[in-house]
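What's counted below: heavy atoms across the whole structure, side chains too, no hydrogens, waters or symmetry copies. Starting from 1, each residue takes its place in the sequence as its number.
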Amino acid sequence: MTPSNHKTNEDISIKDCRGCHDGVYRERFDPLKNPECSDCHTPPLQGINVASEIKKREGVDRRKGKEPNVSKLKDAVEMVYVPEGEFIMGSERMPDESPAHVAYMKKAFYIDKYEVTNERYEKFVKETGHRKPINWITGTYPEGKGKHPVVFVNWVDAFDYCKWAGKRLPTEAEWEKAARGEDGRSFPWGDALDPKKANMPISKIGDTTPIGSFEAGKSPYGAYDMAGNVYEWVEDWYYLYPNSRAKGRDFQKYAGKKNKILKGGSWYDCLAYECGLSAFTSNRAFFDPSIRNNSFGFRCVKSTDR
């Protein structure tokens with residue numbers, strides 16, 4: 001298997017996206033200077049030291065687990081099987097996605113077929129007393145959104161839910177293989193950007209959609225909404241790949257134990273990705289792990305001996 005240079009849809013190019021993708025485009029998105037950035041870059045939670053909370057959770061036991069027995073899981077939902085083996089990770093599209101390279105998944109795993117919903121998250125909140133998302137202003141999720149992915153959850157919220165459920169957050173590599181398969185496709189369904197196959201900004205839906213709404217947009221392994229709907233937290237800190245083209249100081253200052261990675265794009269994106277480019281399977285969004293907003297969610301994985 002050899003990586004190839006995958007091209008974007010011919011109707012959308014990086015140069016068309018308001019100049020957002022020239023150099024370190026994230027520099028221009030500062031909530032203090034640009035109020036529109038507050039949609040994504042919300043203030044940290046008051047009275048909660050997220051760095052300390054994450055430190056407590058580092059070193060989580062990721063030893064080889066058992067094949068999931070849904071009767072023993074707290075959220076007995078469908079999961080899809082992703083085999084071990086090679087796949088193409090990264091791309092040449094953006095500097096911090098480079099280089100496109102062959103990665104090897106040593107162990108098979110299961111990943112949730114759908115993003116974690118409000119209904120599932122409420123069960124977790126009731127059983128553990130965990131804080132509610134800030135949009136649950138009546139004490140529960142918004143009316144009619146039980147089957148929608150939960151939002152306004154930060155990395156610690158996602159980690160704690162997966163642990164409670166008897167699972168864990170996926171690594172970036174696990175998430176990317178589950179989304180794109182072994183052929184290095186740009187989107188879960190193939191290489192052409194198609195707003196009818198996912199809930200992206202260019203789909204003009206304007207909100208989250210119920211999980212599994214896009215049958216034609218599922219991944220090669222059968223996972224839904226791995227492009228659009230909500231960004232999904234993964235386990236990893238944001239680091240550059242070896243031999244990355246993103247070697248400058250401006251990129252390096254974001255790397256390290258500062259920002260956690262999110263994958264998959266969402267229904268809403270700020271100026272950086274309004275054109276839909278965040279839906280690429282290789283896209284590497286990164287944010288302070290304390291951030292909670294209306295387009296961040298997650299799904300869980302479970303190891304297997306198979």
Side-chain angles (χ1 to χ4, degrees), residues 24-27 29-31 40-45 48-63 87 89-91 93-101 103-107 109 111 115-116 152-163 167-180 226 230-266 272-273 278 280-293 295-301 303:
V24 187
Y25 56 88
R26 297 172 179 88
E27 283 287 358
F29 303 111
D30 184 336
C40 287
H41 302 266
T42 53
L45 293 169
I48 297 177
N49 187 327
V50 173
S52 176
E53 292 297 307
I54 291 176
K55 189 172 183 180
K56 293 176 185 177
R57 291 158 176 80
E58 285 186 330
V60 59
D61 187 0
R62 297 190 62 240
R63 293 176 296 181
F87 72 103
M89 187 171 182
S91 76
R93 183 180 71 114
M94 298 287 288
D96 71 341
E97 294 174 16
S98 72
H101 57 283
Y104 187 81
M105 191 63 59
K106 295 181 179 179
K107 299 175 184 176
F109 60 94
I111 190 166
E115 294 159 327
V116 173
F152 288 104
V153 288
N154 65 23
W155 186 91
V156 172
D157 297 329
F159 179 99
D160 287 351
Y161 176 94
C162 290
K163 184 177 181 180
K167 305 176 186 179
R168 58 179 172 80
L169 282 173
T171 64
E172 182 183 16
E174 287 172 332
W175 191 100
E176 194 162 326
K177 182 173 184 181
R180 73 192 307 187
M226 299 199 82
V230 293
Y231 275 107
E232 298 178 20
W233 290 108
V234 297
E235 180 179 311
D236 305 57
W237 292 104
Y238 176 73
Y239 283 95
L240 299 177
Y241 298 139
N243 302 314
S244 171
R245 288 189 286 112
K247 296 181 178 180
R249 181 185 302 173
D250 287 335
F251 277 101
Q252 291 289 354
K253 74 179 182 181
Y254 294 108
K257 291 189 175 183
K258 306 170 187 174
N259 297 291
K260 288 287 186 177
I261 296 173
L262 296 106
K263 301 286 284 184
S266 71
Y273 283 130
S278 65
F280 279 70
T281 52
S282 57
N283 187 63
R284 310 183 75 210
F286 58 85
F287 281 83
D288 184 304
S290 69
I291 296 296
R292 301 190 298 171
N293 66 40
S295 60
F296 287 5
F298 65 100
R299 73 180 77 210
C300 309
V301 302
S303 301

Specify the closest pair of heavy atoms between [X] and [Y], including all atoms of both residues, with the distance to one decimal.
| X | Y | answer |
| --- | --- | --- |
| M89 | A103 | CB-CB, 4.1 Å |
| V234 | P170 | CB-O, 3.3 Å |
| L240 | A246 | CD1-O, 2.5 Å |
| W233 | W155 | CE2-N, 3.6 Å |
| Y241 | E97 | CE1-O, 3.5 Å |
| N154 | V156 | OD1-N, 3.1 Å |

If only atom types and distance count, is the side chain of D288 paired as donor or acceptor with the main-chain N or O of N259 below 3.5 Å? no
R299 (side chain) donor-acceptor with W175 (main chain) under 3.5 angstrom: no
Between [atom1] of [X] and [atom2] of [Y], what distance do you get to the nearest 0.5 Å?
| X | Y | atom1 | atom2 | value |
| --- | --- | --- | --- | --- |
| S290 | K260 | OG | NZ | 12.5 Å |
| F109 | R168 | CZ | CZ | 8.0 Å |
| S91 | H101 | OG | NE2 | 10.5 Å |
| D157 | F298 | CG | CZ | 8.0 Å |
| I261 | E172 | CD1 | CD | 3.5 Å |
| I111 | E232 | CD1 | CD | 7.0 Å |

Does a donor on one side chain and an acceptor on the other come within less than 3.5 Å for R180 and S282? no
Would you tell me whether Y254 and D96 have side-chain atoms, one donor and one acceptor, within less than 3.5 Å of each other? no
For the residue pair P289 and W237, establish whether any side-chain heavy-atom pair is separated by less than 4.5 Å. yes
Just so I know, are the side chains of F287 and Y231 near enough to count as touching, which here means a heavy-atom distance under 4.5 Å? no
Looking at K177, E176, E235, which hits side-chain contact (heavy atoms from CB on, under 4.5 Å) with T171? E235
If you apply the rule side-chain contact (heavy atoms from CB on, under 4.5 Å), what do you find for R93 with N283, and how did you get there? CA-CA 9 Å; R93 183 180 71 114; N283 187 63; 3.2 Å; yes
